[in-house]
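Let me begin by presenting the structure, written as structure tokens, before commenting on it.
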Amino acid sequence: MDSFLEFWLLIILLTIIFVGGLIFLAYWIPKKYGKRKLGIGLTILVTLIFATPILSFVFEDFLFFKSDVKEILNEHGIELNDDFNLKSNEMTGISDFYHRFELEISENDKRKLTKWILKSEGYKDSLPDMFDIRTDKPRYSDSKQEFIVTYQNKWNYVYEYYKQNKQGYSPTLDRISISKEKYKLTFERILD
């Protein structure tokens, strides 16, 4: 375990030295030839090139918009006709990724989605309380099989989607829940 930590600390240190050196050279070389303003411009450009991916990862939750919500829901054939409010959004993890957001939807959209779930081909009337679509399915498959089930429990109308991936790639579990009591849609994506 000690050598693993030392390895990654060394990689991080070397990366910082490399990036810092590039930023320094982007300023120093033009300045040496009397082009100080060009050096400042290059330094800003090189800094932005390396900082943008890091900042986009850090501020990922804040860079999530209604258009992103529509795109994710469209992957499952869901389209909201009326305006909605994004109440919460959270993303965590790198290798084990979890994304969850909640929407406040209109009465018409709730009615439409509830009907869609109840009339869907994969609808199950009764399922165990602790149902998990992944239970009897292998984690990995070269065929990328997809499984869909819809059901209702005490609190929600639920659409679950599970897709296996190749070895080395996390399987995808998407769960969309429509609250029975409120005008709320909850989306969860788990890649583990």
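- Annotation: side chain of Met91 is not in contact with side chain of Phe101 (no heavy-atom distance under 4.5 Å).
- Taking both residues in full, the closest heavy atoms of Val149 and Gly122 are given as CG2-O, 3.6 Å, listed atom of the first, atom of the second, then distance.
- The two residues Asn74 and Ile78 have their closest heavy-atom pair at OD1-O, 3.0 Å.
- Side-chain contact between Tyr157 and Leu113: absent, with no pair of heavy atoms (C-beta onward) separated by less than 4.5 Å.
- Using a 4.0 Å cut-off between charged nitrogen and carboxylate oxygen, Lys70 and Glu75 do not count as a salt-bridge pair.
- In this structure, OG1 on Thr114 lies 9.5 Å from NZ on Lys180, to the nearest 0.5 angstrom.
- Note that the CD1 atom of Ile49 and the CG atom of Leu42 stand 9.5 Å from one another [nearest 0.5 Å].
- Under the 4.0 Å criterion applied to side-chain N and carboxylate O atoms, Asp83 and Lys66 are assigned as salt-bridge partners.
- The shortest side-chain heavy-atom distance between Ile29 and Tyr33 falls under the 4.5 Å cut-off.
- Looking only at side-chain heavy atoms (C-beta outward), Tyr162 and Asp174 stay at 4.5 Å or farther from each other.
- Under a hydrophobic clustering in which Ile, Leu, Val, Met, Phe, Trp and Tyr are joined whenever their side-chain heavy atoms come within less than 4.5 Å, directly or via other members, Trp28 and Leu22 fall into different clusters.
- Residues Glu102 and Lys184 have side chains in contact (heavy-atom distance under 4.5 Å, counting atoms from C-beta outward).
- The distance from atom CZ of Phe147 to atom CD of Glu160, rounded to the nearest 0.5 Å, is 13.0 Å.
- Salt bridge annotation for Lys163-Glu146: absent, with no cationic side-chain nitrogen under 4.0 angstrom from a carboxylate oxygen.
- Proximity of a side-chain donor or acceptor of Lys112 to a complementary backbone N or O of Glu79 within less than 3.5 Å is detected.
- For the atom pair Thr172 OG1 and Tyr161 OH, the distance stands at 6.5 Å (nearest 0.5 Å).
- Placement of Trp155 and Phe187 in two distinct hydrophobic clusters is found when ILVMFWY residues are connected by side-chain heavy-atom separations under 4.5 Å, directly or transitively.
- Between the side chains of Gln152 and Tyr123, at least one donor N or O sits under 3.5 Å from an acceptor N or O.
- A donor-acceptor pair under 3.5 Å links the side-chain atoms of Lys110 to the main chain of Lys182, judged by distance alone.
- Donor-acceptor pairing under 3.5 Å is recorded for the side chains of His76 and Tyr159.
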Next on the checklist: Is there a side-chain contact (heavy atoms from CB on, under 4.5 Å) between Asn153 and Val158? Walk through the geometry before answering.
Outcome noted: CA-CA 8 Å; Asn153 56 30; Val158 183; 4.1 Å; yes
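- No hydrogens or angles considered: nothing links the side chains of Asn156 and Ser177 as a donor-acceptor pair under 3.5 Å.
- Within the 4.5 Å cutoff, the side chain of Ile176 has heavy atoms near those of the Leu73 side chain.
- Both Phe97 and Phe64 are members of a single hydrophobic cluster when ILVMFWY side chains are connected at heavy-atom separations under 4.5 Å.
- Counting heavy-atom neighbours within 6.0 Å of Tyr98 OH, excluding the residue itself, gives a total above 12.
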Checklist entry - How far apart are the C-alpha atoms of Val69 and Phe84, what are their side-chain angles, what is the distance that settles it, and do they pass the side-chain contact (heavy atoms from CB on, under 4.5 Å) test? => result CA-CA 10 Å; Val69 168; Phe84 58 88; 3.9 Å; yes
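- Counting heavy atoms from C-beta on, the side chains of Glu107 and Tyr183 come closer than 4.5 Å.
- Remark: Phe7 CZ to Ile11 CD1 distance equals 4.0 Å, nearest 0.5 Å.
- Here the closest heavy-atom approach between residue Asn81 and residue Asp109 is recorded as N-OD1, 3.0 Å.
- Nearest heavy-atom pair, Tyr151 versus Ile117, reported as atom, atom and distance to 0.1 Å: O-CG2, 4.1 Å.
- Taking both residues in full, the closest heavy atoms of Leu185 and Ile105 are given as CB-CG2, 4.1 Å, listed atom of the first, atom of the second, then distance.
- The minimum heavy-atom distance linking Glu188 with Arg100 is given by the pair CG-CG, 3.9 Å.
- When the side chains of ILVMFWY residues are joined at heavy-atom separations under 4.5 Å, either directly or via intervening members, Ile44 and Tyr27 end up in a single hydrophobic cluster.
- You'll find the side chain of Leu103 stays beyond 4.5 Å of the side chain of Lys87, heavy atoms only.
- Two different hydrophobic clusters hold Val46 and Leu38 under the rule that ILVMFWY side chains link at heavy-atom gaps under 4.5 Å.
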